[in-house]
Structure formats: structure tokens, C-alpha cells
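All remarks here apply to the structure that follows.
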Amino acid sequence: MANGGPVIHGYPHLETVRSAITALYKRLSYDTVHTFGTSIAPADVAFCDQDDLHMGAQRVAHELVRHYHLPDARMIVSFREMEHAASVELAAGPEYFIELNDRFRTHRRDIGAALAHEIMHVYLHRLDLSFPGTRDNEILTDVAATYLGAGWLLLDAYREDAASSQKLGYLTPEEFGYVLAKRSLAFGEAPETWFTSPQAYTAYTKGLAQARLDEQQPPLTAAGWAGRRRYAKDRRYAQDHGARGPAPAGPYVFSADGSRGRDGLRVAFPCPTCHQRIRVPVRGRVRARCGLCRTVLECDT
């Protein structure tokens, strides 16, 4: 939790973020991911100063348990002085004890954001899905919460001005915006109206621009002129040298079937939705379908 200190910006964890999206699709399957097609509604996690602190926290926790499809899990929420925003005891269940930082006693509108992250820890624990190392595992938790429809709360908890700052989670604001944008593009949502923080809205628009760049990389037909020209140069080199030599500058990699010569050249590139690598033959216009997230891609290889 950044509380008054400097907030890191940009995309320092982008590769881990993309790996987390791939891991979600692999562990959950396309069908399960799409059971989270509707994000948790702002009204379901609203918390005003007039609400009873503990009853309100339990109510919000219950809504997040329902959203994450954890009907047999019970969250016991308490408050205490601590360095981090929150913590959860990952026991066998069905009861899980969540402790929130005492500052949430007076910052109640952000309780939903803290609980979204901690209850996602429970969800991933039950899935037995984790990344090695504390930092990467926390990034996975932020990504999962956001991609499965509750992490927009974490982005909305980001506020920054000349005198103070607040940010929850391990992702930067722009990375939260990127994951939220990836979800929005996949599910057809428009979360712009949910934000109460203007800084969160700005971070989302930046993340959306970054997410759209994923859809404009060669060999996708939506790639820009410069990308297409670079791809053609790399393809020509691979055809002439059998895919040997320096790796291309783009996100794609060529490989060759030596027994088939130029006709055996293939290109592998990340799916712009789930980042699973797709491998297709180099033969002009090709329609590819990602086997993981089922996205249909128009390619010019």
C-alpha cells in the first residue's frame, strides 16, 4: 500500500502480467473465465460513513465471495494496526480470517478494494494456482482479481495529487488499467463510468491504449505500416536463411521445417487476448483461432 509515498508508474511488470492472464485461461478454461462475464457492480460494494464498520465490511466480503463463486467460504473481517493494507490466513477453510489496516476505519470506500485482493488469494489458493516468489504471486493475485471482474476497485482506490497519494495492490496504476482494458475488450464492458477517482480514469485510458497495441502487432492484419514493413524484412531474412540468425525485433519468431524449405516456414506470435503463443504457416492471409481463449485472428503472414 503506497500511502503518501511515491507511486510507481508505467509497465515494469508487463511480462508477468501477461503470463498471469495466460495462466488464468490455462487453469480455469475459456468456459470458466467467461462465467465472470459481468463485473461486480459498484452498488454491491458501496460503503458509506454511516454504515456500521464491521457489518458493512462483512456485507462487502459476502458480495465478493458470491462474485468469485465461493459459496462455501466464510470471511471473518477485523481491523488492526499493520504495515500493509490487508492480510488473509490461507487455512483449509471454510472460514478465512482477513485483517484490514486500521486506516480503513476512516477510508471505508476503499474496503472493497482491499477485500477484492485478499479474497482472490483465497480463490487462487483453492485452485492451487500460484507463481514462485512473493512479488510475482501478488501480481498474479492483482491480475486475477481485475480480469475476473473485481479488480476495478483496486484501480479506483488510486488517488494522487501534489500533497498526498494512495495506491493499493502491486501493479502500477497503468498496469491495472491495462488488465482492466484487456478484460473490457474481451467481455465488451465499459468501466469508465465506475471510477470515482479521476487519476484512476486516466490510468485506465493509458492502459487501454497499451492493450490496443497488442492487437496491432504483425502478423495481425491490424498492424500498422511500420510494423508490417519490419515483419516483411524479418520474413525475407528467415526465408533466405532458414530462420537462423538474430531473433526478429518484433514479438514474433520464425521457425522452419528443413525438409520443406521455404514452404515449411512458420511464425509464432502471442495471442492479443490471452498471450498464449500461436504458430501458423507463412503463406499470406491466414485466419487463426487461439485454442486457449478461442479468439479468431486475421493474419497476413
Side-chain angles (χ1 to χ4, degrees), residues 13-41 44-45 61-75 88 90-94 96 98 112-113 115-155 169-171 175-189 191 207 211 214-215 270-279 288-297:
H13 315 113
L14 191 56
E15 289 308 308
T16 306
V17 167
R18 288 169 171 165
S19 296
I21 294 174
T22 307
L24 275 179
Y25 274 97
K26 284 184 174 180
R27 183 64 182 87
L28 292 178
S29 80
Y30 167 88
D31 290 329
T32 301
V33 168
H34 277 255
T35 63
F36 294 89
T38 302
S39 291
I40 194 164
D44 292 338
V45 290
H62 174 76
E63 290 297 332
L64 286 162
V65 164
R66 180 191 59 78
H67 177 77
Y68 287 148
H69 308 163
L70 293 168
D72 60 337
R74 297 192 296 274
M75 305 296 153
V88 61
L90 294 175
Y96 298 88
I98 298 176
L115 290 175
H117 179 93
E118 299 307 320
I119 297 174
M120 178 50 68
H121 270 302
V122 174
Y123 183 80
L124 295 176
H125 175 69
R126 289 190 167 196
L127 283 178
D128 194 26
L129 176 59
S130 63
F131 278 1
T134 299
R135 189 206 69 158
D136 286 1
N137 201 52
E138 293 290 350
I139 290 172
L140 169 64
T141 305
D142 280 341
V143 170
T146 305
Y147 203 83
L148 299 184
W152 67 267
L153 291 161
L154 286 154
L155 178 55
Y170 282 68
L171 299 182
E175 288 170 340
F176 271 120
Y178 172 80
V179 180
L180 185 57
K182 300 290 278 189
R183 173 187 166 80
S184 300
L185 294 171
F187 291 90
E189 286 188 327
D214 293 343
E215 301 177 335
C271 169
T273 299
C274 71
H275 298 284
Q276 169 86 330
R277 292 196 75 80
I278 298 171
R279 192 166 178 257
R289 184 173 182 266
C290 177
L292 191 58
C293 69
R294 304 184 187 178
T295 301
V296 177
L297 305 169

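Throughout, residue positions are numbered sequentially from 1 according to the sequence presented. Hydrogens, waters and symmetry mates play no part in the numbers below; they use all other heavy atoms, side chains included. These numbers were taken from a predicted model, which means no experiment stands behind them.
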Within 6.0 Å of CG in D72, more than 12 heavy atoms from elsewhere:
yes
Interatomic distance, I40 atom CD1 to Y68 atom OH [nearest 0.5 angstrom]
7.5 Å
Side-chain donor/acceptor of N137 to backbone N/O of F131, under 3.5 Å:
yes
So L14 and R18, do their side chains get closer than 4.5 Å, heavy atoms only?
yes
To the nearest 0.5 Å, what is the distance between NE2 (H62) and CD1 (I119)?
10.5 Å
So how far is it from E138 CD to H13 NE2, rounded to the nearest 0.5 Å?
11.5 Å
Look at the side chain of D142 and the backbone N and O of L171, then say whether any donor-acceptor pair between them is shorter than 3.5 Å.
yes
If we only count heavy atoms from C-beta on, is the L180 to P191 side-chain gap below 4.5 Å?
yes
Rounded distance [0.5 Å steps], OG1 in T141 versus CG in D136
10.5 Å
Whether Y170 side chain and L140 backbone form a donor-acceptor pair below 3.5 Å
no
If we only count heavy atoms from C-beta on, is the M120 to L148 side-chain gap below 4.5 Å?
yes
Fit a plane to each ring of H67 and H69, take the angle between them on a 0 to 90° scale, and name the class: parallel (under 30°), tilted (30 to 60°) or perpendicular (over 60°).
tilted
Side-chain donor/acceptor of K182 to backbone N/O of C274, under 3.5 Å:
no
Kindly write out the residues that satisfy salt bridge (Lys or Arg N to Asp or Glu O under 4.0 Å) with R66, not counting sequence neighbours, or none if the list is empty.
D44, E63
Which atom pair, heavy atoms only, marks the closest approach of A116 to L153?
CB-CD1, 4.4 Å
SG of C293 to CD of Q276, rounded to nearest 0.5 Å, is 8.5 Å
Just so I know, are the side chains of M75 and L115 near enough to count as touching, which here means a heavy-atom distance under 4.5 Å?
no
OG1 of T273 to CG of L297, rounded to nearest 0.5 Å, is 6.5 Å
Not counting sequence neighbours, list each pair that qualifies as a side-chain hydrogen bond (donor to acceptor under 3.5 Å, both in side chains) and has a residue in residues 143-155.
Y25-Y147
Tell me, with the steps shown, if L155 and V179 meet side-chain contact (heavy atoms from CB on, under 4.5 Å).
CA-CA 10 Å; L155 178 55; V179 180; over 6 Å; no
Where do Y96 and A73 come nearest, in terms of heavy atoms and distance?
CE1-CB, 4.0 Å
Is there side-chain contact between R289 and R294, with heavy atoms separated by less than 4.5 Å?
yes
Using the ring centroid of each side chain, check whether H121 and H125 are separated by less than 6.0 Å.
no
With sequence neighbours excluded, tell me which residues meet side chain to side chain donor-acceptor pair (under 3.5 Å) with S39.
R183, E189
With the side chain counted from C-beta on, respond yes when L64 and Y123 share a heavy-atom pair under 4.5 Å apart, and no when they do not.
no
Specify the closest pair of heavy atoms between G169 and L154, including all atoms of both residues, with the distance to one decimal.
N-CD2, 4.4 Å
Residue pair L24 / L129, side-chain heavy-atom distance below 4.5 Å
yes
